[in-house]
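Let me begin by presenting the structure, written as structure tokens, before commenting on it.
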Amino acid sequence: MDKGAYDFTAIEKKWQDYWLRNKIFRTEDNGNKPKFYVLDMFPYPSGAGLHVGHPEGYTASDIIARYKRMKGFNVLHPIGWDAFGLPAEQYAIKTGTHPAETTQKNIDNMRRQIRGLGFSYDWNREVNTTDIHYFKWTQWIFLKLFNSWFDETQQKARPIEELPVPAGLSKEEREQYIHDRRLAYESFAPVNWCPELGTVLANEEVVGGVSERGGFPVIRKPMRQWMLRITTYCERLLAGLDQVDWPESIKKLQRDWIGKSIGAEVDFQVDGFDEVIRVFTTRPDTLFGATYMVMAPEHPLVDVITPEPYKVDIETYRKQAAQKSDLDRTDLAKDKTGQFTGAYAINPVNAQKIPIWISDYVLISYGTGAIMAVPAHDDRDWEFATKFELPIIQVVQPPVPVEGCFTGEGTAINSGPFTGLPTVEFKVKITEWLEGKGLGTKAINYKLRDWLFSRQRYWGEPFPILHTEDGRIIALDEKELPLTLPEVDDYKPTGNGEPPLAKAADWLSVTLPDGARARRETNTMPQWAGSCWYYLRYIDPANPNAAVDPEKEKYWMPVDLYIGGAEHAVLHLLYSRFWHMLLYDLGYVSTPEPFTKLINQGMILGLSYKDKRGVLVPNDLVEERDGKPYHKETGEPLDEFPAKMSKSLKNVVNPDEVISRYGADSMRLYEMFMGPLEATKPWNMRGVEGVHRFLGKAWRAMIDEQTGHLVPQVQDTPADEETLRLLHQTIKKVGEDIETFGFNTAISQMMIFVNHLSRLEVRPRQVVETFVLVLSPFAPHIAEELWHRLGRSCTLAYETWPAYDPELVREKQIELAVQVLGKIKDRITVAADASDETIQQVALASEKVQAAIGNKAIKKVIVIKPRLVNIVL
RNA sequence: GGCCGAGUGGCGGAAUGGCAGACGCUGGGGACUUAAAAUCCCCUGCCCGCAAGGGUGUGUGGGUUCGAAUCCCACCUCGGCUACCA
């Protein structure tokens with residue numbers, strides 16, 4: 001190989017070593033520079049390593065970080081590992097390898113891959129959620145949750161010692177009262193149990209009735225669990241969204257997930273009983289149309305009100321419902337099911353007797369677990385009433401007549417004294433009426449449930465909690481943290497919900513100072529725990545005395561820019577906002593919201609193939625002939641299309657392979673050149689070749705491939721006007737595009753510049769050096785090497801970002817199209833500062849334009865300065 | 001079913017009220033070479049035409065405007081998320 005060739009492998013290794021060895025990107029916590037905190041979403045160190053989706057967000061954030069450094073900011077740009085989680089544990093179950101060992105191996109591999117891309121992380125701040133010095137503070141935050149309550153009046157969390165407890169309670173009642181208000185509490189409610197995974201899951205982890213990870217069936221099962229009272233923060237979580245600069249789509253996802261709805265709670269007397277069934281409705285205006293009621297099968301009143309002859313059928317139905325997986329319950333293709341209880345309720349507005357049913361389309365966990373059914377104006381009730389032949393009474397007149405069920409707003413009919421009222425007005429009136437009679441009240445409900453926070457796993461943070469033999473729950477003291485994981489022989493869950501930690505006999509039992517015997521909590525925390533607050537730990541990663549030093553926290557927070565995938569919209573991003581609000585309330589952090597600006601990178605798709613019938617063909621069965629894809633075995637011509645990367649389609653692109661063939665700079669550049677950051681885009685290896693050629697061209701414009709020295713064209717001479725203008729246009733465009741995340745167009749501008757530069761006989765040194773600085777955030781390795789060969793002795797990472805001169809950017813001459821009635825007839829060139837009048841004169845002087853006008857009268861001439869002239873006849 | 005996003009050459013995309021297709025890929029032609037690779041130069045939306053030139057064109061149909069890929073209305077297609085929350 002010639003010593004001057006663009007040897008990206010050697011160059012990239014050289015500079016990666018240089019940055020690391022000299023700690024070039026080590027960040028200090030002080031300084032008089034303004035701070036900028038740019039954060040990547042926490043990666044899980046998977047055994048499969050990086051896929052091409054990771055470097056997309058990371059490259060974008062790295063370009064921002066490098067650019068901001070050059071713009072004079074003190075930049076915090078850290079990385080670490082969200083390293084607890086199920087895969088390492090399942091591997092342990094299969095092979096007996098300790099999850100810590102697997103995790104370490106995976107981290108080492110991913111760190112190697114990430115370093116190979118040349119990201120400017122401060123490696124002194126690397127964190128790892130499985131490190132005891134890290135999860136000590138995860139446990140500490142849990143204790144804060146456990147030892148806090150939410151003050152509704154002040155709308156904030158406060159220490160549990162400040163909770164006003166009613167006088168005259170017994171010791172046990174007092175304990176219970178406090179426990180019922182802790183932000184972390186034990187519950188025995190039915191939870192999402194996944195037999196396949198041997199653990200329970202949070203609502204957010206169950207998608208379409210199956211587990212989000214693995215797609216296994218999930219059933220409802222009552223179990224003892226730890227919950228976090230995230231619901232107390234519903235209003236704060238909603239309000240905070242107005243304060244942050246996030247994509248509207250993500251804000252909407254969070255708002256919908258919190259799911260605030262305003263309506264009324266109404267009491268229906270059960271005929272012949274003292275009991276009332278309370279329902280929640282957002283449409284109290286349809287009360288006159290309530291023709292039956294439905295309770296969730298689990299509703300406690302079912303036992304009370306069901307008369308003897310109906311008990312057998314009701315019990316059978318309840319058993320069936322309990323055994324159904326969530327998938328069975330939510331599958332819309334299935335008919336509605338239900339069972340009449342034999343009991344009746346009295347509709348409070350018209351004293352009508354209406355039958356009470358149970359059905360699993362009513363959920364025990366939302367509202368009051370019972371509904372009034374208004375089949376004329378609710379799709380679900382309509383479907384149910386039609387199937388079981390229950391009466392349907394219309395009480396809302398639609399603005400325009402509709403067939404079947406009408407769920408919109410209109411005018412009340414068949415509604416006694418309220419007939420004729422518009423829906424909105426009716427809602428207010430009827431709620432007042434109900435309140436006056438003591439039959440109901442205005443009510444707000446949220447879809448968001450408390451966060452199920454325990455898992456029956458080994459590889460997670462242990463809870464700092466003890467259960468005494470006499471049934472008390474005692475939290476460890478902060479001084480006793482961290483509580484580490486015990487060694488076990490067997491990582492397998494027991495299958496009945498008893499976690500693996502229950503097998504660690506020595507670890508399990510504890511004798512308290514007062515002599516009482518206690519057992520440790522055997523559940524562990526979910527993976528989300530560690531990622532809820534990692535952005536705070538980066539600020540002060542080695543602090544043994546606090547999760548984060550308050551002074552440093554004040555300096556660095558909030559995160560100025562957070563880049564990651566949209567799949568975390570309602571999971572991580574909601575959970576970590578909740579924890580942050582708690583820490584804010586207790587005075588440990590200084591900002592109400594953690595992440596000021598959020599950007600979602602789009603998904604990268606792989607190239608895939610299907611035959612004429614639409615059958616998918618894995619990539620290893622595809623061969624190319626004359627640039628067209630064919631089936632290797634059948635010889636059939638195939639269609640190319642983009643599809644989600646998957647093992648089965650064999651269309652996964654491995655970053656290691658791309659780097660070894662084209663280099664990290666080409667990889668980075670291609671990921672950014674593909675299209676807008678937020679868009680979904682298909683990967684195409686030929687595109688990598690394109691940006692790779694661009695880098696080679698930039699290299700050859702400066703370096704002689706034979707000698708490795710500067711080419712003779714690079715000279716210490718002033719630039720010509722055109723070159724200078726293009727350079728300044730490039731500085732301007734690239735800088736502005738970085739600020740607005742338009743990396744693809746920034747790169748095309750640099751391509752235009754290099755195409756020009758390589759054609760020049762004289763390439764002024766000043767111009768060349770400035771361009772290298774502009775290129776450096778995108779392709780830092782080649783930029784450092786060129787900078788070095790241009791005679792500079794240290795890194796360019798802290799050079800000042802070049803300023804452009806607006807005078808030099810401006811073109812001297814401008815070309816305008818001349819249209820007659822919107823059709824282009826000619827082009828004219830005028831001085832850039834020509835007046836509209838002058839331009840008009842020149843345009844009208846054109847023979848072609850005159851010919852197009854003919855003898856018609858000119859009505860109007862529109863001059864749009866740098867673009868065109870339109871003559872209206 | 002609901003919500004969100006997107007439809008522009010052979011492909012990725014650019015242009016967010018002002019010359020549609022920047023930049024890159026692919027394809028074609030040429031230069032260099034014994035030859036090839038690499039590199040460099042030229043061409044490359046579609047249709048008609050030998051050409052000069054003309055016509056047409058941003059999913060479909062309508063509208064607003066001197067002017068629409070861009071704004072408005074209706075529809076079609078694709079992708080993502082979500083799913084009985086009363």
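Chain letters run A, B, ... following the sequence lines, proteins first, then strands; residues in each count from 1. None of these values were measured; they are calculated from a predicted model.
- Within the structure, no pair that satisfies the salt bridge (charged side-chain N to carboxylate O under 4.0 Å, His left out) test touches residues 818-827 of chain A, not counting sequence neighbours.
- Nucleotides B/rG49 and B/rC42 place their P atoms 30 Å apart, quoted to the nearest Å.
- For the pair A/K681 and A/R693, both in contact range of RNA chain B, the more 5′-proximal nearest nucleotide belongs to A/K681.
- Contact annotation for A/K252: backbone-only contact, meaning every heavy-atom pair under 4.0 Å involves sugar-phosphate atoms and none involves a base.
- B/rC23 and B/rC75 are spaced 35 Å apart, taking the C1' atom of each and rounding to whole Å.
- In this structure, A/N755 reaches the B/rG24 phosphate: one of its side-chain N or O atoms is under 4.0 Å from OP1 or OP2.
- Rounded to a whole angstrom, the distance from the P atom of B/rG27 to that of B/rC11 is 15 Å.
- The gap from the C1' atom of B/rG63 to that of B/rG29 amounts to 47 Å, rounded to the nearest Å.
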* To do: Could you walk me through whether A/H692 and A/Y670 pass ring pair (Phe, Tyr, Trp, His ring centres under 6.0 Å), step by step?
  => CA-CA 8 Å; A/H692 185 69; A/Y670 177 62; over 10 Å; no
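- By the 6.0 Å contact criterion, NZ on A/K848 is open, its count of non-hydrogen atoms from other residues, nucleotides or ligands being 12 or less.
- For A/I371 and A/G687, each mapped to the nucleotide of RNA chain B holding its nearest heavy atom, the one lying further toward the 5' end belongs to A/G687.
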* Asked: Could you go step by step and tell me if A/F384 and A/Y361 meet the ring pair (Phe, Tyr, Trp, His ring centres under 6.0 Å) rule?
  -> CA-CA 9 Å; A/F384 191 83; A/Y361 86 90; 5.3 Å; yes
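- In this structure, A/F753 and A/F771 have parallel ring planes: the angle between them is below the 30° cut-off, well short of the 60° mark.
- Around CD of A/E847, the count of heavy atoms belonging to other residues, nucleotides or ligands within 6.0 Å does not exceed 12.
- Note on A/E248 versus A/K251: salt bridge recorded, some NZ/NE/NH1/NH2 to OD/OE distance being below 4.0 Å.
- Minimum heavy-atom separation, A/K681 to A/P676: NZ-O, 2.9 Å.
- Phosphate contact (OP1/OP2 of B/rG17, side-chain N/O of A/R867, threshold under 4.0 Å): absent.
- Side chain of A/I752, nearest nucleotide from B/rC23, B/rA86, B/rC19: B/rC23.
- Here A/R700 does not reach the OP1 or OP2 of B/rA38: none of its side-chain N or O atoms lies under 4.0 Å away.
- Nearest nucleotide to the A/L363 side chain, out of B/rA86, B/rU26, B/rA83: B/rA86.
- Listed in residue order, the members of residues 738-749 of chain A having a heavy atom less than 4.0 Å from RNA chain B are A/N744, A/T745, A/S748.
- Between A/S261 and the phosphate of B/rA86, there is a side-chain N or O to OP1/OP2 separation shorter than 4.0 Å.
- Taking 4.0 angstrom as the limit, A/R759 places none of its side-chain polar atoms (N or O) nearer than this to OP1 or OP2 of B/rU39.
- With both ends at atom C1', the span from B/rA68 to B/rG61 equals 16 Å, rounded to whole Å.
- Counting heavy atoms of neighbouring residues, nucleotides and ligands inside a 6.0 Å radius, atom CZ of A/R278 does not exceed 12 of them.
- Note on A/K442 versus A/E265: no salt bridge recorded, every NZ/NE/NH1/NH2 to OD/OE distance being 4.0 Å or above.
- Checked against B/rG24, B/rA86, B/rA14, the side chain of A/F673 finds its nearest nucleotide in B/rG24.
- Contact check, A/K697 against B/rA38: no side-chain N or O comes under 4.0 Å of OP1 or OP2.
- Between B/rC66, B/rA14, B/rG80, one nucleotide has an atom nearer to the side chain of A/M603 than all others, and that is B/rG80.
- In this structure, the nucleotide among B/rA86, B/rC84, B/rA14 sitting nearest to the side chain of A/T281 is B/rA86.
- The side chain of A/K860 approaches B/rC66 more closely than any other nucleotide in the set B/rC25, B/rC66, B/rG18.
- Applying the 4.0 Å criterion to OP1 and OP2 of B/rC81, one finds that A/K644 has a side-chain N or O inside that range.
- Among the nucleotides B/rC23, B/rC66, B/rA86, the one closest to any side-chain atom of A/D378 is B/rA86.
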* Starting at the 5' end of RNA chain B, what dot-bracket string do you get if Watson-Crick and G-U pairs under 3.5 Å are bracketed, crossing pairs use [ ], other-strand pairs use | and unpaired bases use dots? -> (((((((..(((.....[....))).(((((.......))))).((((....))))..(((((..]....))))))))))))....
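- The aromatic rings of A/F288 and A/F426 lie tilted to each other, with the angle between the two planes from 30° to 60°.
- The separation of B/rA6 from B/rA86, taken at their P atoms, amounts to 28 Å, rounded to a whole angstrom.
- In this structure, B/rG9 is classed as syn because its glycosidic torsion stays within 90° of zero.
- Comparing B/rC19, B/rC4, B/rG12 by their nearest atom to the side chain of A/P682 picks out B/rG12.
- Separation of the C1' atoms belonging to B/rU77 and B/rU8 is 15 Å when rounded to the nearest angstrom.
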